[in-house]
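Accompanying notes for the structure given below.
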Amino acid sequence: MKHEWPLWEIFIRGQHGMSHRHVGSLHAPDAEMAIKNARDVYTRRNEGVSIWVVEAVNVSASSPEDKGAFYEPSNSKVYRHPTFFDIPDEVGSM
Amino acid sequence: MYAQMVKTAGSGVKDRDEMSEQEQDFQDRIDRGEKIEPKDWMPDNYRITLIRQIGQHAHSEVVGQLPEGNWITRAPTLERKAILLAKVQDEAGHGLYLYGAAETLGVSRDEITEDLLAGRMKYSSIFNYPTLNWADMGAVGWLVDGAAIINQVALQRTSYGPYARAMVRICKEESFHARQGYHIMMKMASGTPEQKAMAQDALNRLWYPVLMMFGPSDKESVHTAQSMAWKIKMDTNDELRQKFVDQTVQQIEYLGLELPDPNIKWNDETKQYDYSDPDWTEFFDVIKGNGPCNVDRMAARNKAWDDGKWVRDGLMAHAEKKAAAKVAAQ
Ligand SMILES: [Fe+2]
Ligand SMILES: [Fe+2]
């Protein structure tokens with residue numbers, strides 16, 4: 001029987017209020033084991049206080065080919081950045 | 001290194017006018033320092049070479065647990081035992097990060113594991129040498145991990161994103177490995193004359209095998225140029241080896257041990273140490289499978305894989321049964 005354990009993507013939240021971050025992947029037969037293995041592999045030095053696991057086949061991703069066109073709409077909207085507006089020094093901090 | 005003599009796929013560096021437009025764009029991205037990510041277009045030879053390199057690197061981490069695992073039960077104190085255990089456990093993690101990176105290139109971990117077990121893939125030559133006594137635990141951590149660090153620090157800048165990220169994680173953990181080894185050496189070198197002699201013996205025995213980790217001399221490394229253009233090799237073998245010698249000499253001197261090679265001398269012109277080359281015939285012989293421990297290492301890996309099969313299958317069967325019961329209950 002040829003039956004490889006499925007692949008899981010691992011997300012860890014550290015202690016300092018940041019959101020969960022992708023740290024890598026591992027193989028495990030089910031979610032429960034994936035969490036235990038992630039504890040052993042990715043938190044050996046207090047890297048986290050919360051673990052999410054997602055089976056890799058369930059991750060949908062944007063495609064790299066249309067990288068340009070897909071993000072183009074935000075390129076032309078420079079006014080979304082605060083630095084677009086000149087505010088005189090006299091106004092104080094804003 | 002942990003990946004030695006990785007054969008670069010293809011027939012050497014292509015000139016720009018030999019490249020397709022897609023290949024030119026790809027090379028431009030690398031030249032600009034952009035990372036290549038799993039779903040990006042890449043030349044087949046880039047992918048194939050990386051699978052070989054990352055796979056061999058991963059296998060080295062895993063096989064590398066054997067020479068040190070050998071001494072866990074015989075560590076001189078409970079503290080040293082706990083430290084060595086943690087170090088060896090890290091190496092299992094390193095193997096896992098790297099298998100994960102290789103899998104993003106379209107191979108499965110089981111596939112390349114079976115390639116290793118069948119002798120189709122290699123691991124670093126260094127792990128085919130035996131660890132004879134406790135002083136070797138010091139010398140291995142200090143020198144073997146020390147040599148690995150030099151290579152891995154450079155690879156943090158490699159062009160393939162998942163490989164570079166694995167290197168960053170690994171490098172964070174490696175200095176613990178080198179320091180715990182050097183600490184053992186410090187203890188032994190300042191111990192009884194017998195202990196000091198053991199430390200000297202370990203250094204002498206492992207010195208040349210460690211120099212071999214960086215791979216053959218640049219004159220003989222045929223495929224370096226293409227791998228360097230792709231930024232999956234960051235420095236040449238000789239450059240890395242020189243760096244290792246230069247940083248290690250003063251560490252040897254601090255221990256009060258003798259240099260393992262009488263030809264190690266500071267060269268005022270080149271501003272680096274001269275040293276003797278290892279015996280390359282021995283190196284090629286070990287690579288071919290004739291080192292002192294090749295047979296043992298492969299036998300141990302095959303046994304672990306075969307003995308673990310019922311556990312892998314049993315856990316999978318259990319998970320499937322549970323999942324089916326959950327579906328039935330809904
Ligand atoms: Fe390692
Ligand atoms: Fe290490």
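Reminder, nothing fancy here: chain letters follow the sequence lines and each chain counts from 1.
Tyr42(A) and Tyr97(B) have their aromatic ring centers within a separation under 6.0 angstrom.
At a heavy-atom separation below 4.5 angstrom, chain B is approached by Arg45(A), Glu47(A) within residues 45-58 of chain A. Chain A is approached within less than 4.5 Å, heavy atom to heavy atom, by no residue from residues 158-165 of chain B. Applying a 4.5 Å heavy-atom cutoff, the residues of residues 30-37 of chain A that approach chain B are Asp30(A), Glu32(A), Met33(A). Proximity to chain B at a heavy-atom threshold of 4.5 Å picks out nothing from residues 78-90 of chain A.
For chain A, no part of Lys172(B) is nearby; none of its heavy atoms comes within less than 4.5 Å.
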**Request:** Start with the C-alpha gap between Val6(B) and Ser227(B), add the side-chain angles, then the distance that decides, and say whether side chain to side chain contact (heavy atoms under 4.5 Å, CB included) holds.
**Result:** CA-CA 9 Å; Val6(B) 173; Ser227(B) 283; over 6 Å; no

**Item:** Stepwise side chain to side chain donor-acceptor pair (under 3.5 Å) test for Glu174(B) and His177(B)
**Value:** CA-CA 5 Å; Glu174(B) 283 292 356; His177(B) 300 177; 3.0 Å; yes

**Request:** Could you walk me through whether Gln56(B) and His59(B) pass the side chain to side chain donor-acceptor pair (under 3.5 Å) test, one step at a time?
**Result:** CA-CA 5 Å; Gln56(B) 195 185 121; His59(B) 297 329; over 6 Å; no

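Judged by distance alone, with hydrogens and angles left aside, the side-chain atoms of Gln24(B) form a donor-acceptor pair with the main-chain N or O of Arg16(B) at under 3.5 Å. Put simply, the side chain of His27(A) never gets that close to the backbone of Pro29(A): no donor and acceptor are under 3.5 Å apart. Remark: the backbone N or O of Phe176(B) is not paired with any side-chain donor or acceptor of Arg179(B) at under 3.5 angstrom. A donor-acceptor pair is defined here as one N or O able to donate and one able to accept, closer than 3.5 Å; no such pair exists between the side chain of Glu114(B) and the backbone of Glu111(B). Of the possible donor and acceptor atoms, one in the side chain of Arg29(B) sits under 3.5 Å from a partner among the backbone N and O of Lys35(B). Using a distance-only test at 3.5 Å, with no hydrogens or angles considered, a donor-acceptor pair links the side chain of Gln53(B) to the main chain of Ile232(B). No donor-acceptor pair closer than 3.5 Å links the side chain of Glu61(B) to the backbone N or O of His94(B). For Arg47(B) (side chain) and Leu105(B) (main-chain N/O), a donor-acceptor pair under 3.5 Å exists by modelled atom type. Judged by distance alone, with hydrogens and angles left aside, the side-chain atoms of Trp41(B) form no donor-acceptor pair with the main-chain N or O of Gln22(B) at under 3.5 Å. Looking only at distances, no side-chain donor or acceptor of Gln152(B) sits under 3.5 Å from a matching main-chain atom of Met167(B).
Between the OG atom in Ser124(B) and the NE2 atom in His57(B) there is a gap of 9.5 Å [rounded to 0.5 Å].
Ranked by heavy-atom pairs shorter than 4.5 Å toward chain A, the options Asp90(B), Thr104(B), Leu96(B) are led by Asp90(B). Looking only at heavy-atom pairs under 4.5 Å with chain A, the residue among Arg169(B), Glu320(B), Glu37(B) that has the most is Arg169(B).
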